[in-house]
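Contents: one structure, followed by commentary.
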Amino acid sequence: MKAAVFIKPGQVEIQDVPKPQIDGDNQALIHVVRASVCGSDLWWYRGITNRPANSLVGHEAIGVIEEVSPDVHNFHPGDFVVVPFTHGCGHCVACLNGFEGNCLNQKPGGNGGYQAEFMKYEPADSGLVKIPGKPKDYTDGQLASLQTLSDVMATGFHAAKSAEIKAGATVAVIGDGAVGLCGIIGAQLLGAEKIILLSHHEDRAKLGGQFGATDIVSTKGDQAVKDVLALTKENAGADAVLECVGAASAIEQAGQIARPGAIIGRVGVPQTEPKSNQMFWKNIGLRGGIASVTKPDKDILLQAVLDGKINSGKVFTKTFDLDHIEDAYEAMSNREAIKSLLIIK
């Protein structure tokens, strides 16, 4: 089968590799229909973090189950499923409290190989999310939105939930990539009234407006802080801030634009830990981390896509097949695409 393989920084290629086999408990073999490139993939693609050469890549997919191990009861061959980047067992302390991204029973090596014609996933019974019908029942746009449920939409929603957004809240979003844009959708789903997107890119700001951003702040540095504060009650700052970048400067900026007592929801993978003193003096909370996928998909996100309430698939601004995997990565690395979608037949 065809699969994307990491060769070295700046080089990903398609190779013919053995098709995965069911070889343990609670497993599903899945024919991948859609996959995608994540912003976090760019860390090792750009050589910022290390990854073993000749390793399979990708951690976002939807597909059709071809085979399951005998002990799997909730899924059957032919089921159409979201394949989360998380691998929640469903019964540990973390999973029971809604944090399956921190599952205590995860096996090493689970996040790799989604950018392929076939992949193996475990734990199938507790981790997968069933989509009604078959892929042919959906338009390309709907399939793209369903694909976001494997990671980016759930991660944006996790930022909003972590920030404890209340109905009528004023929310600021730092980061205009796919996660930040999906964070806007998450904030709107939780009832935010004013959503301020900090964006320096016209195409991303426009999409943010389509997703529900009420205000765009395109300035930078101290001026951006002033402009955000001017949009809030008494210039005090936002009720909640979504930090979807991961840079220490973004966390520090979040602290500057948050009102006293606000909460920052962080989902940007941190490059360094920020200073926290300013947050202490303003009673600001900082929480967040690895998103859950299975639970929010089942609770709200899948139905929101099926009902046409959200159209998160618009974050995919370029589409590729597996044979052009290098182009998919380059488009994101060069900021020519907000997010790259892979169509796999």
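Treat the numbers as computed from the prediction; the structure is a model and nothing was measured. Position 1 is the first residue of the sequence; numbering continues from there.
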Should [X] and [Y] count as side-chain neighbours, where that means a heavy-atom distance under 4.5 Å?
X    : Y    : result
Y138 : L306 : yes
S312 : Q147 : no
S150 : R34  : no
R51  : V57  : yes
D41  : M332 : no
F99  : H158 : yes
M279 : I264 : yes

Identify the two heavy atoms, one from [X] and one from [Y], that lie closest to each other, and give their separation to 0.1 Å.
X    : Y    : value
I290 : G101 : CG2-O, 3.7 Å
S292 : G98  : OG-O, 2.6 Å
G186 : A160 : C-CB, 3.7 Å
L198 : D176 : O-CB, 4.2 Å
G237 : T232 : N-OG1, 2.9 Å

Counting only N and O atoms by type, is there a donor-acceptor contact under 3.5 Å from the side chain of [X] to the main-chain atoms of [Y]?
X    : Y    : result
E100 : G90  : no
K161 : G265 : no
T294 : G127 : yes
Q188 : G191 : no
D227 : A230 : no
Q21  : K19  : yes
Q11  : K8   : no
E243 : V245 : yes
S36  : L341 : no
T155 : A291 : no

Y114 vs H87 aromatic rings, parallel, tilted or perpendicular, using cut-offs 30° and 60°?
perpendicular
What orientation do Y329 and Y45 show, parallel under 30°, tilted 30 to 60°, or perpendicular over 60°?
tilted
With rounding to the nearest 0.5 angstrom, report the [atom1] to [atom2] distance, [X] to [Y].
X    : Y    : atom1 : atom2 : result
L231 : I216 : CG    : CD1   : 10.5 Å
C182 : I184 : SG    : CD1   : 9.0 Å
K295 : S126 : NZ    : OG    : 14.5 Å
H201 : I338 : NE2   : CD1   : 10.0 Å

According to a hydrophobic-cluster definition based on side-chain heavy atoms being under 4.5 Å apart (Ile, Leu, Val, Met, Phe, Trp, Tyr only), do [X] and [Y] belong together?
X    : Y    : result
I251 : I196 : yes
V64  : I131 : yes
I284 : V171 : no
L302 : L189 : yes
L143 : I185 : yes

Looking at D222, I want to see if its CG is surrounded by more than 12 non-hydrogen atoms of other residues, nucleotides or ligands under 6.0 Å.
no
So does K120 have more than 12 non-hydrogen atoms from other groups sitting under 6.0 Å from NZ?
yes
side-chain hydrogen bond (donor to acceptor under 3.5 Å, both in side chains) partners for N54, two or more places apart
none
By the definition side-chain contact (heavy atoms from CB on, under 4.5 Å), identify the one residue from I65, D297, V68 that meets it with L128.
I65
Under the side chain to side chain donor-acceptor pair (under 3.5 Å) criterion, do N311 and S145 qualify, and how do the steps go?
CA-CA 6 Å; N311 191 3; S145 289; 3.0 Å; yes
Between [X] and [Y], is there a side-chain N and carboxylate O pair less than 4.0 Å apart?
X    : Y    : value
D323 : K2   : yes
D215 : K194 : yes
E164 : R287 : yes

Under the salt bridge (Lys or Arg N to Asp or Glu O under 4.0 Å) test, which residues partner E193, sequence neighbours left out?
none
Audit row: N334, E330, side chain to side chain donor-acceptor pair (under 3.5 Å) steps and yes/no
CA-CA 6 Å; N334 297 332; E330 287 183 358; 5.0 Å; no
